[in-house]
Amino acid sequence: MRIIVCIKELTDYPIERQGTVRRRPAGIVVRVNPQDLVALGEALSLREKIGGEVIVLSLGTDERTLRRALTMGADGAILVEKNEEEQEDWHTTSLVLPQAASRIGFDLILCGTWRLDNMDSAVGVGIAEHLGIAVVTHAVKIEVTGEDARTLQVHKRLPKGMREIYKVPLPCVIAVEEGLNQPRYVPIWGRCYRQGLTKSVEHIAISELGITSEILSPKTTILEVSEMRPRTRLGVKVSGLSLEDKLRLLMGEIAKPSDKQELIVHEPERAAKKFLEKLSEWHSERKT
Amino acid sequence: MNSEVWCFIEPGRGNEIATEIARLGEQTGSVTCGVVVGKVGKDLAPELGQYGITKLYAVEPSISNILSPEDYAYLVTHLIKKSPPYVCLFAASPLGNEVAVRVAVRLGAGLITWCIDLNFISGKLIATKKAYDGKASKRIAWQCPPPYLVTVAPEVMEAIPAEKVHLPVIQEERFSLPPSKVELVGQVRLGWRDMPLTEAIGVLGVGAGIKDSTGMSLIKHLAELLNMPVGGTKRADEMGLVPRECRIGASGFSIEPNVYIAIGISGASHHMVGTRKVKHVVAINKDKAAPIFDIAELGIVDDFNPVVTSIIKQWKRGTEYDTPTENAG
């Protein structure tokens, strides 16, 4: 089985903060997207279980992210080179990566669900949609099933402790989340690390993939990057609060108007009864 | 502008996104529309009307079993192709996000994900989103023609009833669906032992008031009945009552459940920062002056032992109440 792992380099925070000294130039690559390392770890353990090879693929500027993956045990690495000036959003990434992936050939594509620099979770689905294959995002457990190991059973994490279990035929894309596996620790005196150092990274230009700059022109444009400002929130209407409580609400000391407070002193029976009543009341309120 | 702005109404949680679209519709002066998929669509109309929706597209698919994100994307894509709106909003939940990305690829439209703000400034739509792990914010504009697709981050959405209430006009649509690529085998809800504190709907918190492991076993019994995970304060962790991974507060998790039951917790500020987003707090504590009683909706001033024993006893008797298992549905 050939597994492609898409990894993303993260660049440094581009804004000069007042009163801080910058230790390195802005825009320099500092690390690999953490969820993509989870994906790489999962690919490696799948290889250990059922055999095959793991190839890392990245659209970026810096070879070091891929070198890191090679020393963790990947078999090959391909860097699709991007101009540093070019603006890049998920549209372009999910257009370029499938082209490169189909050139290599694959059975499974793994990537992280969440991208830390752009803070979106679109690329995994975008790749699958461009390739016309199945995708499951937010994967927290992957099992290989089927007689010929051509089907995956994937647990998808939903909010509020819900899990959905999907059966997906290969080839497919799985976007993973933290919690799928433990991060891999690679000792630098180990064989895996030293073998990784001897492998080389293949470079491809975007134009070699048959993608013209017209198709690649980004759909969105960044006007400004600034330090985090809180959003202009819609107001909250409060009624029936004392002035003191309103002030405390403003200060954030109380989360919501607490006009329905009730105190029960030294009556365990009644307290328990009230507790269960309240619980069932809140429960039904959530349903409506 | 006299075009339409749309929002995709997810099953079970449409009011928040309806509020967002009503706010945007007010800025652009367009008709605020909702897109509902499934049979329940028409029943939702009066409720969505209260949150500012004036027109509702009720899409009925040809099959009636649970739809996958791919199916939703197919339906929404075809609906947009029929009469393109100016904007279409999605909630940035796992489902909404996947649907939005698929629709964007299929239409070749521009999508900005996880927006925290959306404004219509001098004839242009400008989105704000977080970047660099929340340290920075980006203002982004579209370079391509409409429809503009947006997913709105769940943390900024809030359901606020609109001032003008309309009964939405319902437009019904029917589409037949192609077969889905993935097969949904089943849904499970994690039990209280495996449930992460941050995902749970109800959480039990223990503090230094639960002195020893006998008290803790009583609490665990309650947790099992209510199906709620158990977290603790820093002191509870240090006393060995709960593991380090279950600490709630400044040095642990920030939780946002519907109900938080604080047992033997005084309510020190370091703990309370982690429970700020809790909707309802129940506090059981011996000390009447404990600051937790300021925020508790139900305060029980007593030793926890008789109270919890009594709760368990009454729960097991059970039939008097509709005994809800908080995390079970």
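Here is the naming used below: chain letters follow the sequence lines, and residue numbers restart at 1 for every chain.
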*Asks:* Among I133(A), V154(A), T137(A), L10(A), who wins on heavy-atom pairs under 4.5 Å with chain B?
*Replies:*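 Top option by heavy-atom pairs under 4.5 Å: I133(A).
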*Asks:* Between the main-chain N or O of N118(A) and the side-chain N or O of K129(B), is there a donor-acceptor pair closer than 3.5 Å?
*Replies:*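 Yes, K129(B) side chain to N118(A) backbone: donor-acceptor pair under 3.5 Å.
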*Asks:* Measuring from atom CE of M162(A) to atom CZ of R189(B), what distance do you get when rounded to the nearest 0.5 angstrom?
*Replies:* 5.0 Å
*Asks:* Among V168(A), I165(A), V265(A), which residue forms the greatest number of heavy-atom pairs with chain B at distances under 4.5 Å?
*Replies:* I165(A)
*Asks:* For chain A, which candidate among G191(B), A283(B), G108(B), A92(B) shows the most heavy-atom pairs at distances under 4.5 Å?
*Replies:* G108(B)
*Asks:* Below 4.5 Å, heavy-atom pairs only: which of L184(B), V307(B), V273(B) has the largest tally toward chain A?
*Replies:*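 Maximum pair count with chain A is reached by L184(B).
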*Asks:* Which atoms of K286(B) are under 4.5 Å from chain A, going by heavy atoms: the side chain, the backbone, both sets, or neither?
*Replies:*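 When you check distances to chain A, no heavy atom of K286(B) falls under 4.5 Å.
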*Asks:* First locate atom CD1 of I311(B), then atom CD of E269(A), and finally report the distance between them rounded to the nearest 0.5 Å.
*Replies:* 10.5 Å
*Asks:* Side chain, backbone, both or neither: which part of A73(B) has a non-hydrogen atom closer than 4.5 Å to chain A?
*Replies:* neither
*Asks:* Please examine the side chains of V105(B) and H130(A), heavy atoms only from C-beta on, and report whether any two atoms are closer than 4.5 Å.
*Replies:*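 Side chain of H130(A) against side chain of V105(B), heavy atoms only: contact under 4.5 Å found.
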*Asks:* Which of the residues A109(B), P306(B), A127(B), P154(B) is involved in the greatest number of heavy-atom pairs with chain A at under 4.5 angstrom?
*Replies:* A109(B)
*Asks:* Let's test your reading of the structure: which of T113(B), I126(B), T128(B), V185(B) forms the most heavy-atom pairs below 4.5 Å with chain A?
*Replies:* V185(B)
*Asks:* Supply the atom-to-atom distance D120(A) CG to I112(B) CD1, rounded to the nearest 0.5 angstrom.
*Replies:*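 Atom-to-atom, D120(A):CG and I112(B):CD1 are 10.5 Å apart.
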*Asks:* Over 60° means perpendicular and under 30° means parallel, so classify the ring planes of W114(A) and W114(B), tilted if in between.
*Replies:* perpendicular
*Asks:* A272(A) and S310(B): which non-hydrogen atoms are nearest, and at how many Å?
*Replies:* CB-OG, 3.3 Å
*Asks:* Chain B heavy atoms under 4.5 Å from H266(A): which part of the residue, side chain, backbone, both or neither?
*Replies:* both
*Asks:* Judged by atom type as modelled, is there a donor-acceptor pair below 3.5 Å linking the side chain of E98(B) to the main-chain atoms of V136(A)?
*Replies:* no
*Asks:* Against chain A, label I261(B) side chain, backbone, both or neither, depending on which of its atoms sit under 4.5 Å from a heavy atom there.
*Replies:*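 Just the side chain, heavy atoms under 4.5 Å.
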*Asks:* Might you point out which heavy atoms bring P94(B) and K156(A) nearest each other, and give the distance in Å?
*Replies:* CB-CE, 4.2 Å
*Asks:* Among A141(B), A153(B), A131(B), which residue forms the greatest number of heavy-atom pairs with chain A at distances under 4.5 Å?
*Replies:*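 So the answer, after comparing A141(B), A153(B), A131(B), is A141(B).
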*Asks:* Please report the interatomic distance CZ(F275(A)) to CD(Q314(B)), rounded to the nearest 0.5 Å.
*Replies:*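 With rounding to 0.5 Å, CZ (F275(A)) is 11.0 Å from CD (Q314(B)).
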*Asks:* Within the structure provided, determine whether L298(B) and K274(A) are in side-chain contact (heavy-atom separation under 4.5 Å).
*Replies:*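 Counting from C-beta outward, L298(B) and K274(A) do come under 4.5 Å.
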*Asks:* Name the option with the most non-hydrogen atom pairs under 4.5 Å to chain A; the candidates are K288(B), R106(B), M272(B).
*Replies:* R106(B)
*Asks:* Relative to chain B, which of R163(A), E164(A), K167(A), R270(A) shows the most heavy atom pairs under 4.5 Å?
*Replies:*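 Of R163(A), E164(A), K167(A), R270(A), R163(A) has the most heavy-atom pairs under 4.5 Å with chain B.
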*Asks:* Name the member of T113(A), D89(A), L95(A), V135(A) that forms the most heavy-atom pairs with chain B at distances under 4.5 Å.
*Replies:*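 Sorted descending by pairs with chain B, the first entry is V135(A).
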*Asks:* Any idea which heavy atoms bring L226(B) and L279(A) closest together, and the distance?
*Replies:* CD2-CD2, 3.6 Å
*Asks:* As an exercise, state the distance from CG of D117(A) to OH of Y132(B), rounded to the nearest 0.5 Å.
*Replies:*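 OH of Y132(B) is found 6.0 Å from CG of D117(A).
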*Asks:* If I measure from the heavy atoms of chain A, does P69(B) come under 4.5 Å with its side chain, its backbone, both, or neither?
*Replies:*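 Answer is side chain: those atoms of P69(B) sit under 4.5 Å from chain A.
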*Asks:* Which atoms of V182(B) are under 4.5 Å from chain A, going by heavy atoms: the side chain, the backbone, both sets, or neither?
*Replies:*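 Its backbone and side chain both get close to chain A.
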*Asks:* Roughly how far, to the nearest 0.5 Å, is the OG atom of S93(B) from the NE2 atom of H138(A)?
*Replies:*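 Here the interatomic distance stands at 8.5 Å.
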*Asks:* Has the side chain of W90(A) got a donor or acceptor atom that lies under 3.5 Å from a matching backbone atom of L111(B)?
*Replies:* yes
*Asks:* CD of E26(B): more than 12 outside heavy atoms within 6.0 angstrom?
*Replies:* no
*Asks:* If you count heavy-atom pairs within less than 4.5 Å of chain B, which of A271(A), P218(A), S121(A), G126(A) leads?
*Replies:*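 That would be S121(A).
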